[in-house]
*Asks:* 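First, the structure itself, so that you have it in front of you.
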Amino acid sequence: MDQSTVELIRSSLGPLLEGMVKGTIPLTAISFVLGLLLALVVALMRLSPIWPVSAIARFYVSVIRGTPLLVQLFIIFYGLPSLGATIDPWPSAVLAFTLNVGGYASEIIRAAIISVPRGQWEAAQTVGMNYPTTLRRIILPQAARVSVPPLSNTLISLVKDTSLASTILVTETFRKAQELAGPTFEFFTLYMVAAAYYWAVCLVLSFAQSRLETRLDRYVAS
Amino acid sequence: MTEHLLDVQGLNKSFGDNHVLRGVDLIVPTGSVTVLIGPSGSGKTTVLRSLNALEIPDAGTVRIGDVSVDFGAKPDRRQITELRAQSGMVFQSHNLFPHLSVLRNVTEGPLVVQKRPAAEVNAEALELLRRVGLAEKAEQFPYQLSGGQQQRVGIARALAIKPRLMLFDEPTSALDPELVGEVLAVMKDLAADGWTMVVVTHEIRFARQVADQVLFLDGGVVAERGTPAEVLDHPKEERTQRFLHRLIDPL
């Protein structure tokens, strides 16, 4: 590696880190938390015995999973203004990613809730719990254990998917790399640095996942 | 306070085309033990599960103490909740909460639902665990216990909500044979202490020793009822005789 490449990498580390800390990471964190809340609501709607409620949830999941995330982003940022709703880049990105996580994670949460044996609901009822209490105290803690691996997948995908926000002018990691690469034509080097940053974040998340799984497995016979 | 803690009239229940209960009546005097026996599919578990509305009968009334629910009149959630609060239930497959310690399994109902003070609830729960012989297991998780111990925690959990009536749904059927005795012993103790109990079981010896009345169910009706001596030793009905014969001599 020649001197100028080393210098370029060194000078790009700061701006790309800024893209991570101010763009990718908060975008991921906010969208994931909001997306999980939405997903829980959608999962419970989907499990509802009232058919219009479950039909709405089913339709939502179908649309989110059946259309590209990039198209969803463009509809929100470039499409909605023609209907009179103009949303800034950042909130547009948060909205798109939240809706996307909400769709995918709802199916994970629904499956995890179903995986808790029927007898747990019944036992909770016999000690007097109503539906929300049963859900909060008995069902969701057990569903959480089952859903950590697939939800970790969703989170790790989201970290990388936030790079799509570069297309709607959000200054996150990848956009920073593009901005630095443009004038210098050092595409390979700068995109490799960006890739390394994404990978590093995902490694940390994978580590956190296994710690969390160990914690949640403590009440299960090995 | 009436003399009969539990009074059940005209229970009917269908699952699709399958008419599992065809008018079951049942009276359980306060402080007595009633054992339900019968072949699989006879409706005995459905009767038991109707008493706390885990199964909603199509028709019939269940009265426990001063709480009465007429299932034919489409009871609302509040009525069902009130009925459920009258009884504690022990399941065939214990259904302990696996993510909670033994102690917290027992305290969950009193703390979270009844919102009673923690110090009092914890002391009572430890006393209940001591009573079923498991005080030293309080901080363990259910998976660390044997099947018999799990079932005894299930009994303590049911007692903790201070029910008037205890329901047992085949509490020993899923246990290894050598663990059955410790669970039946706890149930015998409860009976001796004056608990009102309804027990679905295949343990004929237990029924003979502990029951005040035995009901033999077959095809969704009570085919025969009486004292253990009447039903178990001198059954009048041929189907009761055949069932008991199969239990004693499966081959």
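For the numbers below, each heavy atom of this structure counts, side chains included, while hydrogens, waters and symmetry mates do not. Just so it is clear, the structure is predicted and the values come from calculations on it, not from any experiment. Residue numbers start from 1 in every chain, and the chains themselves are labelled A, B, ... in the order their sequence lines are given, proteins ahead of strands.
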*Asks:* At a 4.5 Å cut-off on heavy atoms, which part of Arg49(B) comes close to chain A: side chain, backbone, both, or neither?
*Replies:*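 Contact with chain A involves the side chain of Arg49(B) alone.
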*Asks:* Between CG of Leu140(A) and NE2 of His99(B), what distance do you get to the nearest 0.5 Å?
*Replies:*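 Going from the CG atom of Leu140(A) to the NE2 atom of His99(B) covers 9.5 Å.
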*Asks:* Any chance CZ of Phe15(B) has more than 12 other-residue heavy atoms, nucleotides or ligands included, within less than 6.0 Å?
*Replies:*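 More than 12 heavy atoms, drawn from other residues, nucleotides or ligands, come within 6.0 Å of this atom.
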*Asks:* Does any backbone or side-chain atom of Arg218(A) lie under 4.5 Å from a heavy atom of chain B? Answer side chain, backbone, both or neither.
*Replies:*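 Both parts, heavy atoms under 4.5 Å.
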*Asks:* Contact part of Phe91(B) toward chain A, heavy-atom cut-off under 4.5 Å: side chain, backbone, both or neither?
*Replies:*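 Interface part for Phe91(B): side chain.
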*Asks:* Give, as side chain, backbone, both or neither, the part of Leu96(B) having an atom under 4.5 angstrom from any heavy atom of chain A.
*Replies:*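 Only the backbone of Leu96(B) comes within 4.5 Å of chain A.
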*Asks:* What is the minimum heavy-atom distance between Ala123(A) and Asn95(B), and which atoms define it?
*Replies:*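 Residues Ala123(A) and Asn95(B), closest heavy atoms: CB-O, 3.4 Å.
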*Asks:* Assess the residue pair Gln125(A) and Met89(B) against the criterion (side chain to side chain contact (heavy atoms under 4.5 Å, CB included)); give the C-alpha distance rounded to whole Å, side-chain angles, the decisive distance to 0.1 Å, and a yes or no.
*Replies:* CA-CA 10 Å; Gln125(A) 286 173 344; Met89(B) 175 102 162; over 6 Å; no
*Asks:* Say you draw a straight line from OG1 of Thr126(A) to CZ of Arg157(B); how long is it, rounded to the nearest 0.5 Å?
*Replies:*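 Thr126(A) OG1 to Arg157(B) CZ: 5.5 Å, rounded to 0.5 Å.
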*Asks:* Of all the heavy-atom pairs spanning Tyr143(B) and Tyr219(A), show the shortest one and how long it is.
*Replies:*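 Result for this residue pair: CD2-O, 3.0 Å.
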*Asks:* When rounded to the nearest 0.5 angstrom, what distance separates CG in Leu100(B) from CD in Gln142(A)?
*Replies:*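 Answer for the CG-CD pair, Leu100(B) versus Gln142(A), is 8.0 Å.
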*Asks:* What part of Ser87(B) lies closer than 4.5 angstrom to a heavy atom of chain A: side chain, backbone, both or neither?
*Replies:*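 Backbone only.
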*Asks:* Distance check, rounded to the nearest 0.5 Å: Thr81(B) atom OG1 versus Met129(A) atom CE?
*Replies:*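 Answer rounded to 0.5 Å: 13.0 Å.
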*Asks:* Have a look at Val127(A) and tell me which of Val106(B), Asn105(B), Ile161(B) forms a side chain to side chain contact (heavy atoms under 4.5 Å, CB included) with it.
*Replies:*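 When side chain to side chain contact (heavy atoms under 4.5 Å, CB included) is applied between Val127(A) and each of Val106(B), Asn105(B), Ile161(B), only Ile161(B) qualifies.
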*Asks:* Would you give the length of the straight line joining atom OG of Ser93(B) to atom CZ of Arg118(A), rounded to the nearest 0.5 angstrom?
*Replies:*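 These two atoms lie 12.5 Å from each other.
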*Asks:* With rounding to the nearest 0.5 angstrom, report the CZ to CG distance, Arg137(A) to Leu111(B).
*Replies:*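 One gets 8.0 Å once the value is rounded to the nearest 0.5 Å.
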